[in-house]
Amino acid sequence: MRGKPSTRGPGLCRLRRMSTYRILLTPGDGIGPEVIEESLKVLARVQERFGHEFQYQEEIIGGAGIDKHGVALRPETVAAAKKSDAVLFGAVGGPKWDDPKADVRPEDAILGMRKQLGLFANLRPVRVHPLMLDGSTLKPEVLQGTDMVVIRELTGGLYFGKPKKRWENAQGRQGVDTLRYSEKEIERIVRVGFDLARQRRKKLTSVDKANVLRTGQLWREIATEVGRDYPDVALEHQLVDAAAMNLLRNPSSFDVIVTENMFGDILTDEAAMLAGSMGMMPSASLGRRRKDGTGIGLYEPIHGSAPDIAGQKKANPLAMILSAAMMLRLSLGLEGEAAAIERAVDVALSEGYRTPDIGGAGLRVVDTAAMGTAVAERVEKGE
Ligand code: IPM
Ligand code: MG
């Protein structure tokens with residue numbers, strides 16, 4: 001599907017090769033639709049400046065999907081995703097659908113997409129922007145130089161292992177979740193870590209709980225074995241509790257971290273706070289890659305649907321906009337275009353544009369739409 005020149009009649013549009021890409025939009029709930037709208041504003045400028053055509057299809061998912069269709073994720077939506085080059089995913093969830101005992105939950109949408117599209121590798125970059133050093137609860141001197149990517153395994157472990165159930169017997173209510181990993185699942189995610197470390201500062205931290213868990217021992221064993229194929233990458237192992245501590249104590253010591261699903265969920269929320277706000281943190285969830293490194297992916301901000309600020313024009317669209325940049329790079333193979341968005345975000349920040357979550361004295365605190373416009377205009381100007 002990707003990179004096809006448009007099929008115009010002979011003689012037309014000879015001057016410019018227009019590439020067409022199919023993108024599925026799933027705005028979801030809360031601030032999801034608000035931030036998706038701003039990413040589309042930015043992508044529109046990318047289309048104009050670089051001469052691409054993005055064809056969008058939109059699907060209703062999450063809580064909105066439950067209201068409309070009775071389920072958070074319809075098979076039709078998964079089928080549409082499979083036919084697309086990438087999925088731009090907003091956020092799901094809200095108090096309206098919060099009953100933990102309900103049969104259908106908004107989160108089914110994101111978990112189902114990950115599993116059914118085979119998106120096993122979740123990349124969450126954490127970079128502390130030099131201008132935002134004061135925005136975190138940590139001391140600037142601790143944060144200085146922080147630039148890491150956390151790779152979280154996304155389709156295995158406790159989230160999906162069977163048995164997974166609740167029941168009741170004479171001893172009372174019971175529940176079980178299963179932490180299970182196969183050699184193949186560990187090997188493929190650890191390789192994603194080594195490959196990425198190789199393109200960066202060549203350090204990989206594999207995080208496990210090998211002192212207690214059998215899956216942790218297997219994880220460590222396989223990471224070590226795979227490491228023999230990457231003699232140029234320094235591999236270290238950390239127990240997850242120590243890693244949680246080191247993220248706060250010395251965040252700039254990390255380059256690439258690779259870990260299992262649940263540990264990755266917890267550590268990435270922690271790591272996001274290094275950057276001051278969840279509103280700044282993009283993510284990519286990737287499946288198998290083509291030879292050129294591209295392939296289907298789902299791109300979403302790591303923040304949730306934030307129902308407390310939904311509809312108030314306060315949401316920070318940068319995480320969604322930066323997720324769109326990751327989409328251009330990792331699913332569409334448009335590196336220059338991705339970098340143009342990232343640069344535009346940096347320029348807008350350096351000019352003082354801030355949404356309320358990252359605002360402060362002397363800065364231009366603006367609403368969601370104004371932040372999106374500020375970035376879009378800077379993409380257009382090629383700043
Ligand atoms: C995340 C979220 C999800 C997860 C929820 C919404 C199911 O916390 O993407 O980190 O636990 O994976
Ligand atoms: Mg999470």
Side-chain angles (χ1 to χ4, degrees), residues 26-33 35-36 61-66 71-73 77-78 81 87-126 148-161 164 177-179 181 185 189 207 240 243-244 247 257-275 277-287 297-308 310 315-316 319-320 322-323 326-327 330:
T26 54
D29 308 316
I31 61 170
V35 294
I36 285 266
I61 54 138
I66 294 175
V71 288
L73 180 66
T77 306
V78 177
V87 181
L88 266 189
F89 192 99
V92 290
K96 184 174 173 194
W97 310 280
D98 239 1
D99 175 9
K101 288 203 188 125
D103 287 339
V104 285
R105 298 182 50 84
E107 290 79 10
D108 299 343
I110 185 62
L111 297 176
M113 281 279 211
R114 290 171 182 170
K115 193 69 177 174
Q116 293 179 58
L117 298 176
L119 307 174
F120 65 88
N122 185 215
L123 272 56
R124 297 185 168 185
V126 181
M148 73 182 92
V149 180
V150 184
I151 299 175
R152 164 185 176 195
E153 200 290 326
L154 210 52
T155 51
L158 279 173
Y159 275 61
F160 296 99
K164 178 190 246 337
D177 293 285
T178 303
L179 176 48
Y181 269 108
E185 285 173 308
I189 191 74
V207 173
V240 63
L247 272 174
I257 295 177
V258 65
T259 191
E260 66 95 42
N261 203 345
M262 177 84 175
F263 297 161
D265 179 44
I266 298 167
L267 292 180
T268 50
D269 267 26
E270 185 190 357
M273 289 318 293
L274 302 171
S277 168
M278 299 262 273
M280 304 286 297
M281 312 293 301
S283 84
S285 301
L286 309 177
L298 179 149
Y299 300 84
E300 58 171 330
I302 93 155
H303 62 67
S305 57
D308 53 323
N316 184 345
M320 190 74 238
L322 290 168
S323 299
M326 290 187 90
M327 171 187 80
L330 298 171

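For ligands, and for the atoms within them, numbers begin at 1 and follow the listed sequence.
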(request) Ignoring hydrogens and angles, tell me if any N or O in the side chain of Ser305 forms a donor-acceptor pair with the backbone of Gly93 under 3.5 Å. (result) yes
(request) Indicate yes or no for a side-chain donor-acceptor contact from Arg105 to the backbone of Asp99 under 3.5 Å, with no hydrogens or angles considered. (result) yes
(request) Say whether, by atom type as modelled, one donor and one acceptor occur between the side chain of Asn261 and the main chain of Tyr159 under 3.5 angstrom. (result) no
(request) Report yes or no: does Thr268 contribute a side-chain atom to a donor-acceptor pair with the main-chain N or O of Gly264 at less than 3.5 Å? (result) yes
(request) Run through the protein N/O/S atoms less than 2.8 Å from the Mg ion (ligand 2) and write them out by chain and number. (result) Asp265 OD1
(request) Indicate yes or no for a side-chain donor-acceptor contact from Lys164 to the backbone of Leu158 under 3.5 Å, with no hydrogens or angles considered. (result) yes
(message) Using only atom types and a distance under 3.5 Å, with no angle test, would you say the side chain of Asn122 pairs donor to acceptor with the backbone of Ala284?
(response) yes
(request) Check for a donor-acceptor pair, side chain of Glu107 on one end and backbone N or O of Ala109 on the other, with a separation under 3.5 Å. (result) no
(request) Check each protein residue for a heavy atom under 4.0 Å from ligand 1 and list those that pass, ordered by chain and number. (result) Glu107, Arg114, Arg124, Arg152, Tyr159, Asp265
(message) With a sphere of 6.0 Å drawn around CE of Met278, does it hold more than 12 non-hydrogen atoms of other residues, nucleotides or ligands?
(response) yes
(message) Determine whether a donor-acceptor pair (N or O, by modelled atom type, separation under 3.5 Å) exists between the side chain of Ser283 and the backbone of Ile302.
(response) no
